[in-house]
Amino acid sequence: MDDEDLHLLPRTRAADLLEWAAEEGLEAVPEPAVRTVLTLLELGGARLHDGFPELSSPVLEHLLYEQLHLYVQPDGDAGAYPAAVRLLIERQRAARRLNAKRLEKLREEADWQGEVLASLLRRADLVTWPRLYTALLRADGVPTGEPEQVRAWLEAFRELPEEERFAVFEQAPGLDGDGGWGPGRALLVGVSTDGARRLLEQGLMRRSYRNLAQLNARGLPMPDELAGEFEDFEEAVAQAAIDLCGEWTVPGLSRLLLEEFPDLAPETY
């Protein structure tokens, strides 16, 4: 995929935001959390000003209440994500894009929506397969940056009887179990996983379409992925979404679950 043409993936200004925050003496936030927040805001349709997504109450609620729990499994404090939002609010204030009333409202909403996010991330009934397996891999001390060790853990886990795998799911750290694991729950997790990926694909497509419209307006040729069958473009979008899901959990995990271990993460049961 020639992403320079398709422009599927946002080029976030995470480093610029963090550099500005440091100059302002604001509290440091991990760059992966900042990058994730900026990416999801842009793919969720937030308007951009000077390369940064602009926040409003609906945009903030969509991010913290509807988006983040579909994709992230925090390796540490889940508060990094609302903290990244607060940096963006302060950047918007400094750029004189907020009046005092809207500023105070967004600050308050970021705080309480951040608390809601933390509770959503603990709910076992909202988990997706990449998030669930990320929690299990970390709990077992698997070096998640080493794909072969991740694959070996999955191969060993596959050898367990289904009932034992469900029992392990019940004890997944950071998730509040409710004794409900079984084939029905697995189906719901599969539906959630597929739905989250499809929503991401829609955001990637919208972003790419905006770029393609600009190419067309300037009389420039379409990217190779659109020169032939539309399926080529759809496949490029699908692969980009899979990679993003891995970036927000364990690199390569989403692809492994889809391509090599679909029996461990069924999206249809």
Partner residues of S57 under the side-chain hydrogen bond (donor to acceptor under 3.5 Å, both in side chains) criterion, sequence neighbours left out
E109
If Ile, Leu, Val, Met, Phe, Trp and Tyr residues are connected whenever their side-chain heavy atoms lie under 4.5 Å apart, and connections chain through other members, are L199 and L43 in the same group?
yes
May I ask you to decide if Y81's main-chain N or O and R86's side chain share a donor-acceptor pair within less than 3.5 Å?
no
Would you mind listing every side chain to side chain donor-acceptor pair (under 3.5 Å) that reaches into residues 21-30, with sequence neighbours excluded?
none
Give the intermediate values and the outcome of side-chain contact (heavy atoms from CB on, under 4.5 Å) for residues W248 and L40.
CA-CA 11 Å; W248 296 330; L40 281 173; 3.6 Å; yes
Would you say the side-chain atoms of E42 pair up with the backbone N or O of L48, donor to acceptor, closer than 3.5 Å?
no
Can you list the steps and then say if W20 with E90 is a side-chain contact (heavy atoms from CB on, under 4.5 Å)?
CA-CA 10 Å; W20 172 85; E90 297 308 316; 3.9 Å; yes
Just one of V85, L17, L87 clears the side chain to side chain contact (heavy atoms under 4.5 Å, CB included) bar with V29, so which one?
L87
Is V250 reachable from L258 through a run of hydrophobic residues whose side-chain heavy atoms are each under 4.5 Å from the next?
no
Residue set satisfying side-chain hydrogen bond (donor to acceptor under 3.5 Å, both in side chains) with R151, at least two apart, ordered chain then number -> E148, E260
Are W129 and L188 linked, directly or through other ILVMFWY residues, by side chains that come within less than 4.5 angstrom of each other?
no
Answer yes if L187 and L126 sit in the same cluster of Ile, Leu, Val, Met, Phe, Trp and Tyr residues linked by side chain heavy atoms under 4.5 Å apart, and no otherwise.
no
Are R158 and D263 close enough for a salt bridge, meaning some N to O gap below 4.0 Å?
yes
Salt bridge flag under 4.0 Å for residues D194 and R198:
yes
Could you work out, with side chain to side chain contact (heavy atoms under 4.5 Å, CB included) as the rule, every residue matching R13, not counting sequence neighbours?
D16, D50, F52
What one should report as the nearest heavy-atom pair of L137 and V150 is CD1-CG1, 4.0 Å
Going by the rule side chain to side chain contact (heavy atoms under 4.5 Å, CB included), which residues pair with R255 if we only count those two or more places apart in sequence or in a different chain?
Q239, I242, D243, E259
Contacts satisfying side chain to side chain donor-acceptor pair (under 3.5 Å) that involve residues 138-147 (not counting sequence neighbours) are D140-W153, E146-Q149
Test: E267 and R197 ion pair at under 4.0 Å:
yes
